[in-house]
Asks: 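Sharing a structure below in structure tokens format, with a few things to ask.
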Amino acid sequence: MLGFETSCDETGVGIVRGRTLLADAVASSVEQHARFGGVVPEVASRAHLQAMVPTVHRACATAGVRPTDVDAIAVTSGPGLSGALLVGVAAAKAYALALGKPLYGVNHLAAHVAVDTLEHGPLPEPCVALLVSGGHSSLLLVPDLAEEVRPLGATIDDAAGEAFDKVARLLGLPFPGGPPIDRAARDGDPTAVHFPRGLTGPRDPAYDFSFSGLKTAVARWVEARQRAGEAVPVADVAASFQDAVVDVLTAKAVRACRDTGVDSLLIGGGVAANSRLRAVAAARCEAAGIRLRVPRPGLCTDNGAMVAALGVRLVAAGKPPSTLDIPVDSALPVETISR
Ligand code: KG4
Ligand code: ZN
């Protein structure tokens, strides 16, 4: 299975045989967005266009296969940036048509769940999935990844990774902000500042997230320090902010498992690379008797292998391929696993 991923700023081409990962080629345009502090859609689309064919060639070379050896093609058709998605979907259609192979248009979020099978084997189903990246923050109930994915909650404003990126900017750290905050936080005190935990009141929706109030609280705190002519303790602010995000994410994920009677939690998306998130999730899952699965960081961030992994699962379940006129859908609902 040849998988294409272009929903954001990574051009990903993966090749998977069964549950064996043969190639995972990724070209990222992240440096081109750094000076804007966030992904610029048009810049991402153009970068996909330039990277697409070389990335396919690189994946084929790594896997030691020719495009004609491929049995089927899978591509992210949504959700994501429209222009970026269009490049991947057009490329996948072209390869499918030229090679005479079936095409599977798949949901990006379901693909983040499927990728774990490449590292840890068959998915425990049902499971709860917490997907946290620069573009999404979702809690899903996954009774059967080929048949049924149910949304439990999502962010009502910023995505978790977006909060890391915005707070990093406030602290003078580079984009993308997750890794430098993670590093700075290692030397900081997570209890130095108590930042707000969004949507954790008794009347708040149990599984939705909000990170924009937290980002504003950090901004106000930093501004007050600067106005007073005091140095900003970057490590302490980074650690305290990170702790607020991680506390909410893990508490809600564990609660979702408990409420639904599910004993497996899977975490994916770029923020799943966060060391504090991994540590706190492991501790809280252990205490609650929940089995935790987190793919290695390279598989958590956007890549083509995750799309191929979902394609394999759909073929195994006997799902029909897509037609060659499938559209991209920037707001593809999470319930739509393939189309
Ligand atoms: O999944 P991804 O590569 O792309 C999408 O946004 O879909 O995720 C990128 C996001 C960025 O916001 C980045 O700051 C965040 O993941 N991230 C992290 C870490 N590494 C990446 N956030 C927190 N801690 C990290 N170690
Ligand atoms: Zn993603």
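Remember, it's 1-based here, ligands and their atoms both numbered in the order they're listed.
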Asks: Is the shortest distance from a Lys or Arg side-chain nitrogen in Asp247 or Arg284 to a carboxylate oxygen in the other one below 4.0 Å?
Replies: yes
Asks: For ligand 1, which part of Glu10 has a heavy atom less than 4.0 Å away: the side chain, the backbone, both, or neither?
Replies: side chain
Asks: So, applying side chain to side chain contact (heavy atoms under 4.5 Å, CB included) with Val328, which one of Val87, Leu85, Thr76, Val75 is it?
Replies: Leu85
Asks: Where does Asp182 meet ligand 1, judged by heavy-atom distances below 4.0 Å: at the side chain, the backbone, both, or neither?
Replies: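 Side chain only; the backbone of Asp182 stays clear of ligand 1.
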Asks: His48 and Ser45: side-chain donor and acceptor closer than 3.5 Å?
Replies: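 Not at all, the side chains of His48 and Ser45 share no donor-acceptor pair under 3.5 Å.
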Asks: Ser210 and side-chain hydrogen bond (donor to acceptor under 3.5 Å, both in side chains): which partner among Asp157, Thr200, Thr155?
Replies: Asp157
Asks: Return yes or no for this condition: an N or O of Asp302 is under 3.5 Å from an N or O of ligand 1.
Replies: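 So ligand 1 has an N or O lying under 3.5 Å from an N or O of Asp302.
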Asks: Is it the case that the side chain of Asp236 and the backbone of Gly188 share a donor-acceptor pair, with hydrogens and angles ignored and the cut-off at 3.5 Å?
Replies: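 Between the backbone of Gly188 and the side chain of Asp236 there is no qualifying donor-acceptor contact (under 3.5 Å).
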Asks: For the 3.5 Å polar cut-off, considering only N or O atoms, please tell me whether Asp165 and ligand 1 meet it.
Replies: yes
Asks: For Ser322 and Gly105, indicate whether the former's side chain and the latter's backbone hold a donor-acceptor pair under 3.5 Å.
Replies: yes
Asks: Give me the nearest non-hydrogen protein atom to atom 15 (C) of ligand 1 as residue plus atom name, then the distance to 0.1 Å.
Replies: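 Ranking protein heavy atoms by distance from atom 15 (C) of ligand 1, first comes Val271 CG2, 3.9 Å.
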Asks: Please check if the side chain of Asp158 supplies one atom and the backbone of Ala163 the other of a donor-acceptor pair under 3.5 Å.
Replies: no
Asks: N/O of Gly161 under 3.5 Å from N/O of ligand 1, yes or no?
Replies: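 Yes - when backbone and side-chain N and O of Gly161 are compared with those of ligand 1, one distance drops under 3.5 Å.
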Asks: So is Pro176 polar-close to ligand 1, meaning N/O to N/O under 3.5 Å?
Replies: no
Asks: Within ligand 1, which atoms have a heavy atom of Thr301 less than 4.0 Å away?
Replies: 1 (O), 3 (O)
Asks: Which of the numbered atoms in ligand 1 are under 4.0 angstrom from any heavy atom belonging to Gly134?
Replies: 5 (C), 6 (O), 8 (O), 9 (C), 10 (C), 12 (O)
Asks: Pairs of nitrogen or oxygen atoms closer than 3.5 Å, one from Gly270 and one from ligand 1: do any exist?
Replies: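 Yes, Gly270 has an N/O under 3.5 Å of an N/O on ligand 1.
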Asks: Starting from the Zn ion (ligand 2), look over the N/O/S atoms of His136 and name the nearest one.
Replies: NE2
Asks: May I ask you to decide if Val132's main-chain N or O and Ser137's side chain share a donor-acceptor pair within less than 3.5 Å?
Replies: no
Asks: Report yes or no: does Arg276 have a heavy atom closer than 4.0 Å to ligand 1?
Replies: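 Under 4.0 Å: no for Arg276.
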Asks: What's the verdict on side chain to side chain contact (heavy atoms under 4.5 Å, CB included) for Asp9 and Ser28, showing C-alpha distance, side-chain angles and the deciding distance?
Replies: CA-CA 6 Å; Asp9 59 341; Ser28 175; 4.3 Å; yes
Asks: Checking the N or O distance criterion of under 3.5 Å, is ligand 1 in contact with Gly135?
Replies: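 N/O-N/O distance under 3.5 Å: yes.
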Asks: Do any N or O atoms from the side chain of Thr117 and from the backbone of Ala114 form a donor-acceptor pair under 3.5 angstrom?
Replies: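 Side chain of Thr117 to backbone of Ala114, a donor-acceptor pair under 3.5 Å: yes, one is there.
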Asks: Hey, is ligand 1 close enough to Asn274 that some N/O pair sits below 3.5 Å?
Replies: yes
Asks: Any ring pair (Phe, Tyr, Trp, His ring centres under 6.0 Å) pairs touching residues 161-187, not counting sequence neighbours?
Replies: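 Sorted result for residues 161-187: Phe164-Phe241.
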Asks: As an exercise, identify every atom of ligand 1 less than 4.0 angstrom from a heavy atom of Gly177.
Replies: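 Close to Gly177: 14 (O).
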Asks: Who's the nearest protein heavy-atom neighbour of atom 25 (C) of ligand 1, and how far?
Replies: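 Checked against all protein heavy atoms, atom 25 (C) of ligand 1 sits closest to Gly178 C, 3.6 Å.
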Asks: Number the atoms of ligand 1 from 1 as they appear, then name those within less than 4.0 Å of a heavy atom of Pro179, with their elements.
Replies: 19 (C), 20 (N), 21 (C), 25 (C)
Asks: Angle subtended at the Zn ion (ligand 2) by NE2 of His108 and OD1 of Asp302, to 10 degrees?
Replies: 100°
